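Bear in mind that the values here come from a model prediction, so they are computed numbers and not experimental data. Convention: sequence-line order gives letters A, B, ...; per-chain numbering from 1.
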Amino acid sequence: MLKSLIKKDLQECWEALEYEYSDNYYVEVPKNPEHGDFSTNAALANAKNNRLKPLDMAAQIVELLKKKRHYKSVSIAGNGFINFVLANNRYHKTLIDIFEAGDKYGQSEYGEGKKVLIEFVSANPTGPLNVVNARAAAYGDTLYKIMNYAGFKAKREYYINDSGNQVDVLAESLELRYREILGEDIGELPPGTYQGEYVKDLALKLRAKEGTKIMHYSEADKLEKMKEFALEEIHEMQYSSLEKFGVEFDSWVSEKMLRSQGVIEEVLSYLAEANCTYESEEAVWFASSKYGDEKDRVLMKSDGEITYFVPDLAYHLTKYHRGFDHIIDVLGPDHHGYVPRLTAAMRALQFDETKLEIIFLQQVNLFEGGEKVKMSKRTGNIITMDELIDEVGVDAARYFFLEKKPSAHLNFDLELAKKESSENPVYYCQYAHARICSVMKRAKKEKVNLKDFNTKDLTRLKSAEEIALIKKMVEFPELLVSASVAREPHRLAFYTYDLATLFHRYYQKYQVLNSARPELSKARLYLLTAVKETLAIALNLMGITAPESMYKSATKKKTETAAQKAKVESTEKKGSIYQKNDYDGKDDYSQINDGKDDDLIDDDDENDDDEVEVKTKKAAPKPKTKSGIAKAAGLIEKNTKTNKPEPKKDSKSTKKADSKTDKKEKSEPKKPKATKKEKKDK
RNA sequence: GCGCCAGUGGCUCAGUGGAUAGAGCAACGGCCUUCUAAGCCGUAGGUCAGAGGUUCGAAUCCUCUCUGGCGUGCCA
C-alpha cells in the first residue's frame with residue numbers, strides 16, 4: 001500500500017516533466033536501513049530512454065517529490081537510487097489499519113477466487129509415511145493455507161494408488177510374514193517384497209483379528225483378504241500420521257474407485273481417438289514422443305495389464321473435469337521423469353496443459369551426529385513420519401520442513417532438532433508471541449487497556465524500533481501474495497523469524513508498560529497487539545501453534561506435548577470435515593475390496609449421483625470426458641462437497657437437461673479394444 | 001550419453017538484475033534488582049564451484065566446464 005503510494009507519486013513526476021517512462025522499475029524496502037524506508041531504481045531504469053544520466057533524472061524527480069508532505073525526506077544515493085523516508089504519521093495511520101484488521105490482517109483478494117486443486121503426499125498405501133511425505137504434507141498444507149489467505153479457492157487432495165502391482169506385492173509380503181508368525185520358516189524374503197517391520201505388525205494384527213482360518217482360504221481369496229486388510233490398516237496408519245501432523249485433506253481419491261468407474265477403457269479410447277496409440281510387441285503404446293516426451297510409453301503391457309500411467313491420466317482428467325482453474329501436483333524428486341508423458345497426454349487430448357503445474361520437492365536427508373542416516377526401502381529400514389514427529393514435535397518438524405525452499409535438498413539434522421531444540425528457530429518465533437501475551441497479561445493486571453485509547457497517541461511511537469516493526473508488518477500482505485504466487489511457503493518462515501527478531505530487539509530495549517507514562521504504554525500495547533496478531537497469523541498459516549506462554553522451566557517434552565495437544569484439539573474442533581465422510585467409517589475402506597462398491601466415497605444417496613454430475617458438468621469447460629471420468633469426477637466432487645455441511649441446492653432445470661446428455665453418453669459403448677486396432681507398426 | 005534439481009562463511013540455509021552478499025548453528029567477548037535471558041549487543045569467518053558472455057550494474061540472465069543428487073522400466 002505504501003509502495004503504490006510512491007509509485008503513484010513517481011508517475012506524477014514523469015508526467016509533469018514530460019518524460020517517457022515504463023514500469024520496469026521497482027520500489028522496495030532496502031536491506032540497508034540507511035538507504036531509507038523505501039528506495040527505487042526508477043531513475044536508473046528510465047534514464048536511458050530519455051537520454052539522460054540517471055543522476056540528472058533523479059535530481060529532477062527528487063525536487064518535485066520534496067514538496068509532498070508524507071515524506072520526511074527524499075534523497076539521491078550516489079549512483080542514482082532515490083531513497084525515501086516516510087513521515088512517522090504515515091506509519092501510524094497504517095498501524096491503525098493493521099490493528100483493525102485483527103485476525104484478518106494479510107488477507108487479500110489477489111487470487112480472485114480462482115479454484116485451485118493441490119494434490120500432495122499421495123503416498124503409496126504400502127507402508128507408513130516417510131520423511132519426504134512429511135515434507136510434502138507440511139509444504140502442501142501451508143501452500144493451501146496461504147493461497148486461500150491470498151484470495152484463491154484452494155482444495156487439498158490425496159490420491160491413493162490402491163490398485164496395481166505394488167498392492168499385490170504388499171499382499172504377498174503380508175502373506176509371508178503371516179506364515180512366519182504361524183511358525184513356518186520362510187527363509188529370506190524375496191527381493192522386491194516389503195520388508196519393513198510394519199508388515200510383521202500387520203500380520204500379528206491380522207492373526208489377532210482373524211485367527212488362522214484365513215489359511216484355509218483358496219490362494220486367491222487369501223491374498224485378496226490380506227490385501228484388503230493391509231490397505232485398510234495402512235491407510236489408517238497414514239491417516240493418523242497426517243492427523244497428528246495437523247494436515248487435513250478435502251478429498252481422498254482412490255485409484256480403485258476410478259477403475260471401477262470404467263475410466264481405464266475411456267482413457268484408452270480417447271488416446272486411440274486422438275490417433276496416438278499403436279501396438280507393438282504385444283503391448284499398447286502411447287506415442288508420447290510425438291508430443292514432447294523423449295520416448296513412447298507403454299499403456300497396456302503384453303500381459304494385458306495396464307500400466308499405472310493410465311489410471312493416473314484418468315485421475316488428472318477428473319481434475320480438469322471438476323472445473324479447476326489451476327491444478328498443482330506436488331511430487332517427490334523421483335518423479336520428474338514422469339511429467340513429460342503426462343503433459344504429452346494432455347497435449348494429445350487437447351487439454352490445456354498450462355493449467356497443470358508440477359512442483360517437485362527435493363529429497364530429505366536425515367542427519368544424526370553429523371552423519372547421514374542410511375535408509376533403505378528394500379530392507380524397510382526407514383525413519384517414518386511418526387518417528388520424526390515423536391522425536392522433534394509437530395511445530396519444530398513443520399518449521400524445519402517449511403524453512404527450505406521446495407527445490408532445495410533438505411538436510412534435517414535430527415540430533416540438533418532433538419538435543420538442542422530449545423534453540424530451534426521455531427521456539428524463537430513462538431517465544432516472541434508468548435512474550436507479548438505475557439505483557440498483555442501484565443497489562444490486564446495493571447488495568448491498562450485500550451478501551452479509551454485515542455489513536456492520536458500513536459504519535460508517541462517514534463523510536464526506530466517501533467517504526468521498524470510497523471514497516472515489517474506492512475510487508476505482510478504482499479509477502480503472502482508473493483509466497484503464494486511463487487509457491488514458496490518458506491518465505492513465510494523467514495518473514496516470521498524476521499518479525500520475531502524485530503520484536504525481541506524492541507522488547508529488550510524498551511519497557512512497554514510504564515505507569516509514569518500511561519499514554520505511551522497504551523500506544524505500545526496497541527502496537528504489540530498488532531504484532532502479536534501478525535505473528536499468530538503467520539504461525540497458524542504454517543500449522544504451528546502460537547503459544548500464550550513458554551517457560552524455560554518446562555522441559556522440552558512438556559512444551560511439545562502441550563503444543564501437540566493444542567494442535568489435536570484445534571483439528572478436532574474444525575475437524576469433522578472429511579472424517580464424517582470417508583473415515584468416519586473405516587469400514588468404507590474395507591468395502592472397497594468387496595467387489596460391490598469400489599470406492600472411498602460413501603454413496604448413500606442414489607439421487608445425488610445425477611445432481612453431482614450436473615454440477616460438475618456445468619463446471620467443466622470442455623466436456624471432453626465421457627461417463628466414466630465424469631462419474632468419477634462427480635463422485636469426488638460430491639465427496640468434497642459433502643465434506644462441508646452445506647444445504648443442498650436444487651437446480652432442477654439444469655439437472656434434467658444434463659442428465660439427458662449424460663444418458664446419451666452412457667449409451668455409447670466403450671471400445672477399449674479400439675486401441676489395438678490402431679496399429680501403427682514401426 | 002541425455003534430462004531435471006542443486007553448488008553462497010566450518011555446518012544448515014536466505015537473497016525480486018541493483019548500493020558494503022545476509023541470517024541461524026558452531027566459536028569467541030559482553031548484558032538479568034525492571035513486562036519471560038527459549039532474549040539482546042558485539043567480534044571473527046566469503047574469489048557466491050570455475051571460465052567466458054549480455055549491460056550503466058550479475059550470486060541472480062545466457063553458454064561451456066567441474067562436482068553432488070535424482071531420473072532416464074512392459075515399477076509406482
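- Backbone-only engagement by A:L410 is indicated by non-hydrogen atom pairs under 4.0 Å involving sugar-phosphate atoms exclusively.
- Here the nucleotide nearest the side chain of A:K295, chosen from B:C5, B:U72, B:C35, is B:U72.
- Look at A:K301 and you won't find any side-chain N or O under 4.0 angstrom from OP1 or OP2 of B:G73.
- The glycosidic torsion of B:C32 lies within 90° of 0, placing the base in the syn range.
- In this structure, A:H490 does not count as stacked on the base of B:A14 under the 5.5 Å centre distance and 30° plane angle limits.
- Taking the charged nitrogens against the carboxylate oxygens, A:E157 and A:K319 have no contact shorter than 4.0 Å, which rules out a salt bridge.
- Nucleic acid contact class of A:E281 (heavy atoms, under 4.0 Å, all strands): base.
- Here A:D293 lies out of heavy-atom contact (under 4.0 Å) with every strand.
- Using a 4.0 Å heavy-atom distance criterion, A:Y495 is classed as making no nucleic acid contact.
- B:G9 is unpaired under the criterion used here, namely a Watson-Crick or G-U wobble arrangement in which both key atom distances are under 3.5 Å.
- Checked against A:M57 for a side chain to side chain contact (heavy atoms under 4.5 Å, CB included), the options A:L44, A:N46, A:I76 give a single hit: A:N46.
- Closest to the A:S438 side chain, of the nucleotides B:A19, B:C35, B:A76, is B:C35.
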Verdict with supporting geometry, A:Y315 and A:E255, side-chain hydrogen bond (donor to acceptor under 3.5 Å, both in side chains): CA-CA 8 Å; A:Y315 169 48; A:E255 177 183 346; over 6 Å; no
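- Phosphate proximity of B:C40 to A:Y428: present, with a side-chain N or O under 4.0 Å from OP1 or OP2.
- Here A:T126 lies out of heavy-atom contact (under 4.0 Å) with every strand.
- A:Q363 comes within 4.0 angstrom of the backbone, heavy atoms only, and of no base.
- In the interface, the side chain of A:H336 is paired with the base of B:G3 through a donor and an acceptor atom under 3.5 Å apart.
- For the pair A:K509 NZ and B:G42 P, the computed distance is 10 Å after rounding to whole Å.
- Base engagement by A:N41 is indicated by at least one non-hydrogen atom pair under 4.0 Å involving a base atom.
- A:L499 places its CG atom 17 Å from the C1' atom of B:A14, with the value rounded to the nearest Å.
- Residue contacts shown for A:Y507 include a base, since a base heavy atom lies under 4.0 Å away.
- Side-chain atoms of A:D334 and base atoms of B:G71 include no donor and acceptor less than 3.5 Å apart.
- Side-chain N/O atoms of A:R435 include none lying less than 4.0 angstrom from OP1 or OP2 on B:G39.
- On a pure distance criterion of 3.5 Å, a polar donor-acceptor pair joins the side chain of A:S302 and the base of B:C74.
- At B:A38, none of the side-chain N or O atoms of A:H504 fall inside 4.0 Å of OP1 or OP2 (strictly under the cut-off).
- In the set B:C13, B:A76, B:C74, the nucleotide with an atom closest to the side chain of A:K404 is B:C13.
- In this entry the distance linking CZ of A:F360 with P of B:U72 reads 12 Å, nearest Å.
- Regarding A:E403, its CD atom lies at a distance of 9 Å from the C1' atom of B:A14, rounded to whole Å.
- Pairing partner, B:U34: none, since no Watson-Crick or wobble contact has both distances short of 3.5 Å.
- In this structure B:U72 sits in a base pair with B:G1, meeting the Watson-Crick or G-U test at under 3.5 Å.
- At the heavy-atom level, A:S39 lies under 4.0 Å from base atoms of the strands shown.
- Outside the 6.0 Å centre-distance limit, the rings of A:F120 and A:Y139 are not counted as a close aromatic pair.
- Rounding to whole angstrom units, CD1 of residue A:I76 and C1' of B:A19 are separated by 15 Å.
- Put simply, the side chain of A:D37 does not reach to within 4.5 Å of the side chain of A:F84, judged on heavy atoms.
- Residues A:K472 and A:E475 are paired through a salt bridge, judged by an N-O separation under 4.0 Å between the basic side chain and the carboxylate.
- Toward the 5' end of RNA chain B, the nearer of the two residues A:Y26 and A:K405, judged by each one's closest nucleotide, is A:K405.
- Using a 4.0 Å heavy-atom cutoff across all strands shown, A:Y308 reaches at least one base atom of the nucleic acid.
- Pairing for B:G42 is with B:C28, a Watson-Crick or G-U wobble pair whose two hydrogen-bonding atom distances lie under 3.5 Å.
- Remark: B:C61 base-pairs with B:G53. Criterion, Watson-Crick or G-U wobble with two distances under 3.5 Å.
- Contact annotation for A:K441: no contact, since no heavy-atom pair falls under 4.0 Å across all strands.
- Residue A:A434 is classed as a base contact, given a heavy-atom separation below 4.0 Å to a base.
- Distance noted for atom C1' between B:G18 and B:C11: 30 Å (whole Å).
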